[in-house]
**Student:** 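What follows is a structure written as structure tokens; I'll ask about it next.
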Amino acid sequence: MTELIDRLLKRLDRTVETRARRSARTHGRRSFMARAGAALVGVAISPVLPFDRRARAQEAGEDACEYWKHCALDGNLCSTSGGSLTSCPPGSEASAVSWVGTCRNPEDDKDYLVSYNDCCGKAGVSSATFCYTSQGERPGYRMGLYNDINWCMANANTGYHCTVSVVVGLADA
Amino acid sequence: MTELIDRLLKRLDRTVETRARRSARTHGRRSFMARAGAALVGVAISPVLPFDRRARAQEAGEDACEYWKHCALDGNLCSTSGGSLTSCPPGSEASAVSWVGTCRNPEDDKDYLVSYNDCCGKAGVSSATFCYTSQGERPGYRMGLYNDINWCMANANTGYHCTVSVVVGLADA
Amino acid sequence: MRLQAFIGAASLALAAPAMAQDAEFVPETVSVQERIAPGANVFVMDQNWSGASKINVLGADDLSMKGNLSVGREGQMLLSADGATLYTTSGYARRITYGEMEAVVHEFDVATLTHRREFTISNKRAMVESQPALLGFADGERFLLVQNATPATSIAVVDLARGEQIAEIPTPGCWGALATQGRGFLTLCGDGTVQAFAFEPDGSFGEPVRSAAPIFDPDADALFTNPARVGADFVFASFGGNLLRVAMVDGVPTLVDSFSITEGVEGDWAPGGSEVIAYHAPSGTAFVLMHSGAEEGSHKDGAEEIWAVDLDAKAVLYRSPAHHENSIAAGQGETPVLFAVGESSTLTRYEVDPEARFAAKPAGEAEKMGGFPALVLTSQ
Amino acid sequence: MRLQAFIGAASLALAAPAMAQDAEFVPETVSVQERIAPGANVFVMDQNWSGASKINVLGADDLSMKGNLSVGREGQMLLSADGATLYTTSGYARRITYGEMEAVVHEFDVATLTHRREFTISNKRAMVESQPALLGFADGERFLLVQNATPATSIAVVDLARGEQIAEIPTPGCWGALATQGRGFLTLCGDGTVQAFAFEPDGSFGEPVRSAAPIFDPDADALFTNPARVGADFVFASFGGNLLRVAMVDGVPTLVDSFSITEGVEGDWAPGGSEVIAYHAPSGTAFVLMHSGAEEGSHKDGAEEIWAVDLDAKAVLYRSPAHHENSIAAGQGETPVLFAVGESSTLTRYEVDPEARFAAKPAGEAEKMGGFPALVLTSQ
């Protein structure tokens, strides 16, 4: 019994560590700046379990990438780039096309479809929070789920600025 | 007498620290990448006095920016970019114009004129050693001494790649 | 719209559980914010030499990130007096790091962070670290003065109403263009003189008027290029810690005052950085970025302290700890607020207490202002 | 030359002690190195989305820095079999981050790191993380296969002799182009099939040949896009730790083998990264980037270990510690050498001991490979 609990706790620790690594890594697919590992440290010293963290996490919290709507977001948060969760910063334009994630809302335990639109026509904001989550992400043969590509591709102005997380539907889980 | 020695040592310590800060800072006028402060640490823990260090320092040493020929070099060392002390890396071109420093060679204690040519037509090498020394440097009203400007300005291809230190004359000290 | 429909359909078809509308569920929609939050701003130029230079726009009160602007290589920036318009010059080479160069003026609407227009100017534009003395207004805000360097120096005069360059005024051996009354500007020269130039709206210009004698010694005590503007005068800091006040007297650039802020101070202190001096007009106080252990070649060192200086009393009022900044700007509200950025890539906001001899203390910081945060401006 | 003389004279005139020639003194001269040091190379693509993508070129033996190449935004790269020519595709927008896009193929001479030529291709080129499956050769090295995405997918066929794009082959729902014999390629499709396309030298092409049944399950056990090339076959790694060998059998893409490298292994290990598998042909050994605690969404996690896999025996030979790499490449000398790069921006060179079950241990590293070191290739 003790062994089981030990193993469970070990697994949880590893999950925290893994998730921290994943959401706060310094060099991701769309990260263009070396970044300090502040968020990583913040998680590593936290004794809270991952699912608790996730339920409580606010988008503006100390680890914004843990916020449930960002479960498949590889990019800079627009909410830390002058925009908001669902709106592009002034002077940028929303991508004409987007990828989609299926994320569980811990408050009602339902799965939602989240449209990740890139905001376009400017360089990224260097101080923006960079997230690197990929739940349900798939390579380009599932283009609508793919997040390693610049989704400003169909716009006239293709510079990648940041990404919004827009809940567009309830998924049939 | 003890007080005098104390003050002298304090001054030396400060000089070491200052010089380390200056030659190894993470963000200089031409630095485009956040860099680790490895060289800084290297100097800070060294007990050797600055003039000793300088005399012994080889360009390939642990603090290449201390090498005497680099006394007014604000830029990436070509010797760490695929070139050498006096030659631009393959595929780049030497700047048509250059700035000049007056640097003392610790081996013969003479002052030399050093021409700092930028190498042009490519982006910088991200792992290159970035130096930020400015002995005798002056603003643009002494253009020939100025090192805050891109000396690829007179070339057809103006991208800044790195800088060489070419001893072109003996200065009349 | 067509593409949106296409990928929308494709995504949903591919996404592994299919979508099911729920009576309670209201879908969110993506939008673009029209305007930045109101209030005064701080602008930090993150200059880039192999890609887009980026201008961070932050709230002056809380350093909240409001957005950014992207321009070309080796960007310079200039803010209108009302804080509503930002001008930049920057360069676009055909293959970013090589090929034919195009020098471009961009005009941005600050409230919406959008382009109003752009036009090209001469490719002689200097590719140089961002500095206020290298891009300025003249005749109110009718003209832009753009520093050229080939490396021969000249000033391009740009008529903003016409959206084109109308003159190139040779300024051999001189650097910077500091607008004086009317259509004139001062420039610092390598022989230690300060020279005054003037031009006409049609782009014609005459011979410069030189200061009667050298005003400074570029060898022994060089001046930093970017002065504080004090009324119609300019206060320059020198590498050695002197403040020199230069005025136009009967049409001639004249040294009207000079004093040391470091004389008698232990520790070999001196100004260091690029924009080393900022001035708070309502209180008549200057703020200077200072470092200790100064020696030949230390003039770009980041600040260890910010010194508040009473320009009338010629006295240092207070020495506050700094954070290795190279560029400082002052808000012009009744109580001074300072914004400074430097090596660490952190922008620090300082509140200044006039009751405490203008002591400055950190009241907010914004990290990660980029790889080369070269210049800070504010509309506060 | 004129400018050189000008500034030479100006500099010397301005430089504070004047120059004095000494009998013993021999002035140095500036030069440009013609060629990089001989020997095999490693290429690390530091991809950039708001400026020049940079390719670091290092010596394969000692990771010495030999120089770099600068291209445009969202660069891809491809090395010729003899290691002498590097092709890139990248994009140049008129204002770097906005404005009209130009997609460009550059051809570089590796020995001199110089441009041989460039030409434009369709703007449909995918702006995507660097991957070998997205830029490849066909028919030897006569043609380039360029992945397009608008986001509708297609493959641009580029005739290298003519220096122009000759075809756009629609590949709806599919991703990547892996050259097969002659003028054909395979691609992975979202319905789990693998499809084979062929084209003629004039740019004409026919209908694809689909695998008889789905070869993989994109939902339950998706395949990484970038396989190892094993003879004429391809070995794909799956998110769940299976290796799938796909071959052309009678002209039809066919799953010829499949086995798990993680079955029975404790710790929920799985492949992770972008180029997760490299193959050393002389020994028949594959090397896979692996992480523990795998779960849905962890498939890009950096490697904790590199697993050596005997493809014939279908057995893991050894598990060596890794350094959070996302991209791995193998030299093809008699004894395997690995090069891998990832999150930390450090390139690590591993030496592999065939006598010790192909254990890999670090034998050199190069730090600061850039902000987004997305792909490593080697001519070793």
Side-chain angles (χ1 to χ4, degrees), chain A residues 32-36 38 69 78 80-102 110-115 117 119 121-128 136 138 141-145 151 153-155 159 161 164-173, chain C residues 1-4 6-22 24-37 44 46 48 51-54 56-58 64-71 108-115 345 347 366-371 373:
Chain A
F32 319 121
M33 285 282 304
R35 291 169 192 286
K69 293 182 184 175
C78 288
T80 59
S81 305
S84 75
L85 262 175
T86 60
S87 62
C88 294
S92 68
E93 51 190 60
S95 63
V97 291
S98 63
W99 81 97
V100 172
T102 302
K110 288 181 180 168
D111 287 332
Y112 290 86
L113 293 177
V114 181
S115 168
N117 285 80
C119 301
K122 292 182 175 188
V125 171
S126 57
S127 62
R138 291 295 180 270
Y141 49 74
R142 284 279 172 90
M143 185 57 76
L145 306 177
W151 281 94
M153 61 182 132
N155 287 50
H161 188 47
V164 294
S165 303
V166 183
V167 180
V168 293
L170 194 58
D172 201 6
Chain C
M1 279 310 285
R2 201 173 51 79
L3 276 165
Q4 176 72 74
F6 162 79
I7 189 63
S11 300
L12 297 187
L14 294 168
M19 177 172 156
Q21 288 302 340
D22 188 279
E24 298 171 37
F25 176 75
V26 180
E28 299 173 344
T29 52
V30 63
S31 61
V32 180
Q33 291 191 6
E34 210 172 305
R35 311 173 74 79
I36 61 174
V44 179
D46 174 22
N48 197 304
S53 298
K54 297 185 274 186
N56 299 294
V57 182
L58 304 99
S64 58
M65 177 54 65
K66 294 187 175 184
N68 75 358
L69 297 168
S70 301
V71 297
F108 292 100
D109 177 56
V110 171
T112 58
L113 295 184
T114 52
H115 297 86
S345 189
L347 171 70
E367 297 180 330
K368 298 178 187 165
M369 290 292 99

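As the structure is a prediction and not an experimental result, all values here were calculated from the model. Letters A, B, ... mirror the listed sequences (proteins, then strands); counts begin at 1.
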**Student:** In terms of heavy-atom pairs under 4.5 Å, which option from C/D109, C/N68, C/T114 contacts chain A the most?
**Tutor:**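 Between C/D109, C/N68, C/T114, the count favours C/N68.
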
**Student:** Show which side-chain atoms of residues 81-93 of chain A pair as donor or acceptor with protein atoms under 3.5 Å away, not counting sequence neighbours.
**Tutor:**
unit_1: A/S81; atom_1: OG; unit_2: A/L77; atom_2: O; d: 2.8
unit_1: A/S84; atom_1: OG; unit_2: A/T86; atom_2: N; d: 3.3
unit_1: A/S84; atom_1: OG; unit_2: A/S87; atom_2: N; d: 3.1
unit_1: A/S84; atom_1: OG; unit_2: A/S87; atom_2: OG; d: 2.6
unit_1: A/S87; atom_1: OG; unit_2: A/S84; atom_2: N; d: 3.4
unit_1: A/S87; atom_1: OG; unit_2: C/Q33; atom_2: NE2; d: 2.9
unit_1: A/S92; atom_1: OG; unit_2: A/P89; atom_2: O; d: 2.7
unit_1: A/E93; atom_1: OE1; unit_2: A/N157; atom_2: ND2; d: 3.1
unit_1: A/E93; atom_1: OE2; unit_2: A/N155; atom_2: ND2; d: 3.1

**Student:** Using modelled atom types and a 3.5 Å cut-off, is there a donor and acceptor pairing between side-chain atoms of C/D46 and backbone atoms of C/G371?
**Tutor:** yes

**Student:** Is chain A contacted by the side chain of C/T29, its backbone, both, or neither, given a heavy-atom distance below 4.5 Å?
**Tutor:** backbone

**Student:** Walk me through it: do A/V168 and C/E28 pass the test side-chain contact (heavy atoms from CB on, under 4.5 Å)?
**Tutor:** CA-CA 6 Å; A/V168 293; C/E28 299 173 344; over 6 Å; no

**Student:** Is C/V71 close to C/F108 at the side-chain level, that is, under 4.5 Å between some pair of heavy atoms?
**Tutor:** yes

**Student:** Let's test your reading of the structure: which of A/V114, A/V166, A/V164 forms the most heavy-atom pairs below 4.5 Å with chain C?
**Tutor:**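 The answer is A/V166.
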
